[in-house]
Amino acid sequence: MKPRLLVIPAIIAAFSAAVIWASLQLELSPPMIVGEGMQPRAFPIFLMAINLLLVVILAVQLQREGPKRIPRQPYTTWGSVVLLGVFYVLTVTLDMFIGIAVVMFLMCLIWGERRIHVAAALALVTPLAIFILFDSALKVRFPRGVLVNWYYG
Amino acid sequence: MLEALQAMGSVILDPYLILLIFITTVLGVIIGVLPGLGATTGAALLLPFTLTMEPLHAITVLATVYVSATFAGSITAILINTPGTAAAAATTFDGFPLAQRGEAGRALGVAVVSSTMGGVFSVIVLCVAAPLLARVAYQFRPPEYFALTLFGLSMLASISAGGAVRNLIGGVVGVWLATIGADRATGIERFMFGNYELYEGIGFVPVFIGLFAMSELLVQSGRVNHIVNTISMKAVMLPTKEDYKKIWKTVLRSCGIGTFIGILPAEGATVASMIGYSEARRWSKNKEEFGKGSIEGIAGAEAANNAATGGAMVPTMVLGIPGSGTTAVILVGLMVHGLRPGPYLFTEQVDTVYQIFGAMLLANFVFMAMGLYAAKIFARISLVPRPILWPVVFALSVIGAYALNASLLDVWIVLIFGVIGYFARRHGFAVAPIAVGLILGEMVERNLQNSLKMFEGEWWLILTQPLAAVFLLMAFLGLCGPAILQWIMTRRG
């Protein structure tokens, strides 16, 4: 028994258990409405019961197969994940387009682009082009923010 | 039949549609040659751009991207030993060795011709089989649909990436995601945690963009230092008479295999190309050439993966069950544009359906011309540096997700599912089962509910319906067949 191999099944099992718990908190519908059908909570519980069964099989399979070497994530991957968080913060606090431009610029640099002017040009031109296309051709109204407020007036 | 042919022929008389097919084919080929950006990601990213289009034009865009990107993966598979799409992975086995021998033009010529033949064959099958299947599907009631969707979910077990158990877990999670929102029968809110934007359920498009595009971005972030060897080529050469003699049987066989695998719910071009390749090897008189530059190997894989495109459209349009990851996006496209996938599509929107088929047929010839005359240019596009390409994909992903419903929640869903998809893939879980499960989830629950009401709560009566019983048996065999077979083989020693 290798406990390290049980991490993934344990995470899925915990998720399934959490869903079952959340399903049990759902309201019950009056029998008159449900009739011969199912209560809204029944189907998710049924699904997660199947998932728990599959998790047991997965755990056994993993023990049989033994550990597999998963290469470590390079800093570029972690950096990109962090940038997704940066995008969230900038969008909520400032403006979605500022978020996109900053993340594009930093992503270019983190991924190895050494020419700062290329990264800067890409980060400015792409969001601008997308904004013009979606605003004029597709008539999309973008969320309010510093730049969008200034544009919409 | 005459009306169908007329509708298909009308595509050629519509200059706007032809222009659209041409532009989208160029776009599809570019998407196909860029490693990591496959047909599914491409279609998911393009879907928001089709919002203001007519339904016919929108679905034509998505279907054209599907067929052209599936073919284009072979260009980089042959010239830089990197399949542009997963469906072209089998093409690298013989395409690159042949190119290394100085015959890149010949390899591409065989790939182009085989892909076109596969694509055209499958569209013809689509035109014939879809209305026939629709006629059968008119008879389906909730028990049959419930059993059919279970069969579709059971087929997830055999999707190439991951393993059966991992894929099924992904599928079940996808079905659960479909339960988020207000229960359609009772109106009771499920897993919304006070967020009323989720009342109608979780959006398919942001989940797809997250799972396919954003997670791929994170996967590609680990490959920024990947170096590719390019092979120079003078021009693409059409196969010679000798080549045709060598490959025609393989192409025909792969056309059949690819179309059949495409029709099976949840199977797609990747599985088709692998089986097409292995069958080409099995039946070949020159097995020793395989892996060293066999044109039969290229033809087997390429005819099969493009044949799967038409095949996968059959269950998508007739039953509303996606035949692959990309057709799942096309299915969403159909729904977004008010076309109700299912047998009634063939009575209510018959002209549109055949025009879509006609557009797919035309797209096959357009990508053939592009493959023959512009493959060299497209191969260069594949060398766009990752630090330039993927930030653009990021911008398109978030704006595309937002544009559909003008909702920031959709953008957060993209980010969340991007990270979930990345970690799932890192631990051997494919993301396509989650997407297919999400699409089928509502169908499974609704038809189970209706079946229970029909049989007054006695669920086992579903088994007494002949067609439903057949689908359930097929689902059981799909899930347990390999294990039973292995057990029998072990017993026999």
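Just so it is clear: chains get the letters A, B, ... in the order the sequence lines come, proteins before strands, and each one is counted from 1. None of the values given here were measured: they were computed from a predicted structure.
We find the CD1-CZ distance between A/Ile11 and B/Phe423 to be 10.0 Å, quoted to the nearest 0.5 Å. Atom CG of B/Leu415 sits about 10.0 Å away from atom OH of A/Tyr88, to the nearest 0.5 Å. To the nearest 0.5 Å, atoms CG (A/Leu84) and CG (B/Leu218) are separated by 5.5 Å. Separation of atoms CH2 (B/Trp390) and OG (A/Ser80) is listed at 11.5 Å; rounding is to 0.5 Å.
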Handout entry: Intermediate values then yes/no, side chain to side chain contact (heavy atoms under 4.5 Å, CB included), B/Glu189 and A/Leu26
Key = CA-CA 8 Å; B/Glu189 294 160 13; A/Leu26 294 175; over 6 Å; no
Problem - Working for side chain to side chain contact (heavy atoms under 4.5 Å, CB included), residues A/Leu58 and B/Phe429 - result: CA-CA 11 Å; A/Leu58 179 68; B/Phe429 291 83; 3.9 Å; yes
Problem - Stepwise ring pair (Phe, Tyr, Trp, His ring centres under 6.0 Å) test for A/Phe46 and B/Trp176 - result: CA-CA 10 Å; A/Phe46 171 66; B/Trp176 171 75; over 10 Å; no
Problem - Test side-chain hydrogen bond (donor to acceptor under 3.5 Å, both in side chains) applied to B/Ser221 and A/Thr77, step by step - result: CA-CA 5 Å; B/Ser221 69; A/Thr77 305; 2.9 Å; yes
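Chain B forms the most heavy-atom pairs under 4.5 Å with one residue out of A/Thr91, A/Leu109, A/Leu28, and that residue is A/Thr91. Ranked by heavy-atom pairs under 4.5 Å with chain B, the first of A/Asn51, A/Val140, A/Ile57 is A/Asn51. Annotation: maximal heavy-atom pairing with chain B below 4.5 Å, among A/Met96, A/Arg141, A/Gln73, A/Arg41, occurs at A/Gln73. In terms of non-hydrogen atom pairs under 4.5 Å with chain A, the most contact-rich of B/Leu452, B/Val173, B/Ile399, B/Asp183 is B/Ile399.
For A/Gln63, the CD atom is densely surrounded, since the number of other residues' heavy atoms within 6.0 Å is greater than 12. Within 6.0 Å of CD in A/Glu65 there are more than 12 heavy atoms belonging to other residues, nucleotides or ligands.
Here the closest non-hydrogen pair linking A/Glu27 and B/Ile188 is O-CD1, 3.6 Å. Residues A/Pro44 and B/Arg190 share a closest heavy-atom pair of CD-NH1, 3.9 Å. Across every non-hydrogen atom of B/Gln220 and A/Trp111, the tightest pair is C-CH2, 3.9 Å. For the residue pair B/Ile169 and A/Ile12, the shortest heavy atom distance occurs at CG2-CG2, 4.0 Å. When all heavy atoms are compared, the tightest approach of A/Met104 to B/Ala395 is SD-CB, 3.8 Å. Nearest approach of B/Val172 to A/Leu47, heavy atoms of both residues: CG1-O, 3.4 Å.
When atom types are taken as modelled, the side chain of B/Glu445 and the backbone of A/Phe43 share no donor-acceptor pair closer than 3.5 angstrom.
B/Ile388 touches chain A through backbone and side chain together, each having a heavy atom under 4.5 Å away. Both the backbone and the side chain of B/Leu168 come within contact range of chain A, with heavy atoms under 4.5 Å apart. With a threshold of 4.5 angstrom between heavy atoms, B/Trp412 approaches chain A through side-chain atoms but not through N, CA, C or O. Contact annotation for B/Arg426: both backbone and side-chain heavy atoms come within less than 4.5 Å of a heavy atom of chain A. Of the atoms belonging to B/Val392, heavy atoms from both backbone and side chain fall under 4.5 Å from chain A. At a 4.5 Å heavy-atom cutoff, the contact between B/Val411 and chain A is made by side-chain atoms alone. Heavy atoms of B/Val398 lying under 4.5 Å from chain A belong exclusively to its side chain. Contacts between A/Gln61 and chain B at a heavy-atom distance below 4.5 Å involve the side chain alone, from C-beta outward. In this structure, the portion of B/Tyr422 lying under 4.5 Å from any heavy atom of chain A is its side chain and not its backbone. Of the atoms belonging to B/Met214, it is side-chain heavy atoms, and not backbone ones, that fall under 4.5 Å from chain A.
Checking each of A/Arg115, A/Met107, A/Glu113 against B/Pro387 for a side-chain contact (heavy atoms from CB on, under 4.5 Å) leaves exactly one that passes, namely A/Glu113.
You'll find the ring centres of B/Tyr402 and A/Phe134 outside the 6.0 Å limit.
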